[in-house]
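The structure appears below as structure tokens.
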Amino acid sequence: MTHSHSFDPREETPNAARQAAAQRSTWVSVGVNIALSITQMLVGLWAGSQALVADAVHSLSDLVSDFVVLFANRHSAADADKNHPYGHGRFETAASLVIGVLLLSVGVGMLWSAAHKITDPASIGQVHSLALWVAGLALVSKELLFRYMLKIAESVKSSMLVANAWHARSDAASSLVVGVGVAGNLLGFTWLDPLAAALVGFMITHMGWKFSWSALSDLMDHSLDDEEQAAICATLEATPGVRSAHDLRTRRMGDLAMVDVHILVDGRISVSEGHYIAANARQRVLEAHRVLDVMVHIDPEDDSGHSRQMLALPHRAQVEDALAEVLDEHVRARISLELHYLNGVLELDAVLDPQACRDAAERERISRQLHALVGQVAGLSQVRIHHTLEASPSQPAALR
């Protein structure tokens, strides 16, 4: 039996807070990147610094990624609909992939340009000292932006915002390299400027590969890590009525996860009690972990070795047909059957109404006929017979 439920509306407030934080931090990044990219590009071209121009291109890539984040943040917060029943959380993952690919392409282009300069030393000239001051300004601005954006991203637990924050940090690191390259060029080591540009390109390429691969893994339904899965199992097994949890499967959905799990319960409890245990277990996971939804499959036993054997057992209609061959319709109507599919075999509990068998001889005859079903129904291993007491207005019927 499975139990599932649509995503709880209680997530609306956190999602609204995450969206507002993403909008605020990203617009701050947009402002910083516009100012830096214009300044770096103009000064880099005027001062003859390839490294500073490369850093300006990096700032422009930050600007493009900021708009990608704004677009994805707006769409990922949309409610679930008919075509997206699990919500739009993967817009964030797709945005992280776009940022990663953007970084890769920019990094490779910068490496190519720097390599061309290094192999042609005659084309390298001395840069103006203003380039060093602009590189220092960019370094300080980007580091402060990184710290601000990372703080916001961690407070709202958004992997997309974390990716964008580290994009800003990679630009801060590149500004440091650019500063060293420009300083070296001013000291007479002209080749240090294109070398700095090459190092910036390498850092951008590395970061782009990291984000691209992480996002691609999530889009291919990458599971949660072992620690998170163990924590979810512990939450399930702490639920009253759950004996153990197994066959746990998870897949990422943006910053949340989808969970599919089997729980082991007492095989002789009612369907409604099993449903109650599953609902309780599911709610505990939703409250304790960053999970979008949980599908709980209830097992009366560890079914890992009996699934195929169990499916070959007879169903209720076949058992009732066999019973109809040995008992008349009046008696059958007063017998309640409970079927238990356990340990790869079928067990049958038959509850007899005393109106169907008032004397001991009649009860004995019915009992023999019921026990004979063991040899007549394939897979039936045991029959247990129970007789109800006469019910009174103050005392409900019970088994004895």
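Remember, it's a predicted structure, so these values are computed and weren't measured experimentally. Below, each value reflects all heavy atoms present in this structure, side chains not excepted, and no hydrogens, waters or symmetry copies.
- Between atom CG of residue Leu323 and atom CD of residue Glu320 there is a gap of 7.5 Å, rounded to the nearest 0.5 Å.
- Sorted by first and then second residue, the salt bridge (Lys or Arg N to Asp or Glu O under 4.0 Å) pairs with a member in residues 372-384 read Glu347-Arg384, Asp349-Arg384; sequence neighbours excluded.
- When atom types are taken as modelled, the side chain of Glu287 and the backbone of Arg284 share no donor-acceptor pair closer than 3.5 angstrom.
- Rounding to the nearest 0.5 Å gives a distance of 11.5 Å between CZ of Arg251 and CG of Leu224.
- Atom NE2 of His340 and atom CG of Leu348 lie 8.0 Å apart (nearest 0.5 Å).
- When all heavy atoms of Pro240 and Ile277 are compared, the pair lying nearest together is O-CG2, 3.9 Å.
- Residue-environment remark: CZ (Arg249) stays at or below the threshold of 12 foreign heavy atoms within 6.0 Å.
- Each of Leu130 and Leu137 belongs to its own hydrophobic cluster when Ile, Leu, Val, Met, Phe, Trp and Tyr are linked at side-chain heavy-atom distances under 4.5 angstrom.
- How far CG of Asp266 is from CD1 of Ile298: 12.0 Å, rounded to the nearest 0.5 Å.
- Leu373 and Leu352 fall within the same hydrophobic cluster, where Ile, Leu, Val, Met, Phe, Trp and Tyr residues are linked whenever their side-chain heavy atoms come under 4.5 Å apart, directly or through other members.
- Summarising the geometry of Pro314 relative to Val377, their closest heavy-atom pair is CG-CG1, 3.5 Å, with the distance given to 0.1 Å.
- For Leu346 against Leu313, the heavy-atom pair with the smallest separation is N-CD1, 3.9 Å.
- Scanning all heavy atoms of the two residues, the minimum distance from Ala350 to Leu337 falls at CB-CD2, 4.1 Å.
- Around atom OH of Tyr148, more than 12 heavy atoms belonging to other residues, nucleotides or ligands sit under 6.0 Å away.
- The neighbour count for Asp225 CG, taken as heavy atoms of other residues, nucleotides or ligands under 6.0 Å away, is above 12.
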Worked check of side chain to side chain contact (heavy atoms under 4.5 Å, CB included) between Ile152 and Met149: CA-CA 5 Å; Ile152 296 296; Met149 294 180 68; 5.8 Å; no
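- Follow the hydrophobic side-chain contacts under 4.5 Å out from Leu144 and you never reach Val32; the two are in separate clusters.
- Using modelled atom types and a 3.5 Å distance limit, the side chains of His297 and Asp247 yield no donor-acceptor pair.
- Side-chain contact between Asp299 and His246: present, with at least one pair of heavy atoms (C-beta onward) separated by less than 4.5 Å.
- In this structure a side-chain-to-backbone donor-acceptor pair under 3.5 Å is missing from Ser381 to Val345.
- Side chain of Thr39 to main chain of Leu36: no donor-acceptor pair is present (N/O by atom type, distance under 3.5 Å, no hydrogens or angles).
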Leu370 vs Ile366, side chain to side chain contact (heavy atoms under 4.5 Å, CB included): CA-CA, chis, key distance, verdict: CA-CA 6 Å; Leu370 288 172; Ile366 294 175; 4.0 Å; yes
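- Following chains of ILVMFWY side-chain contacts shorter than 4.5 Å, one can reach Ile269 starting from Ile263, so the two form part of one hydrophobic cluster.
- Heavy-atom minimum distance, Arg282 versus Val296: CB-CG2, 4.1 Å.
- No chain of hydrophobic side-chain contacts below 4.5 Å, direct or via other Ile, Leu, Val, Met, Phe, Trp or Tyr residues, connects Val242 to Leu342.
- In this structure, Tyr341 and Pro300 approach most closely via the heavy-atom pair O-CG, 4.2 Å.
- In this structure, the separation between CZ on Arg316 and CG on Leu339 is 5.0 Å, given to the nearest 0.5 Å.
- In this structure, CD in Glu273 is found 14.0 Å from CZ in Arg268, a value given to the nearest 0.5 Å.
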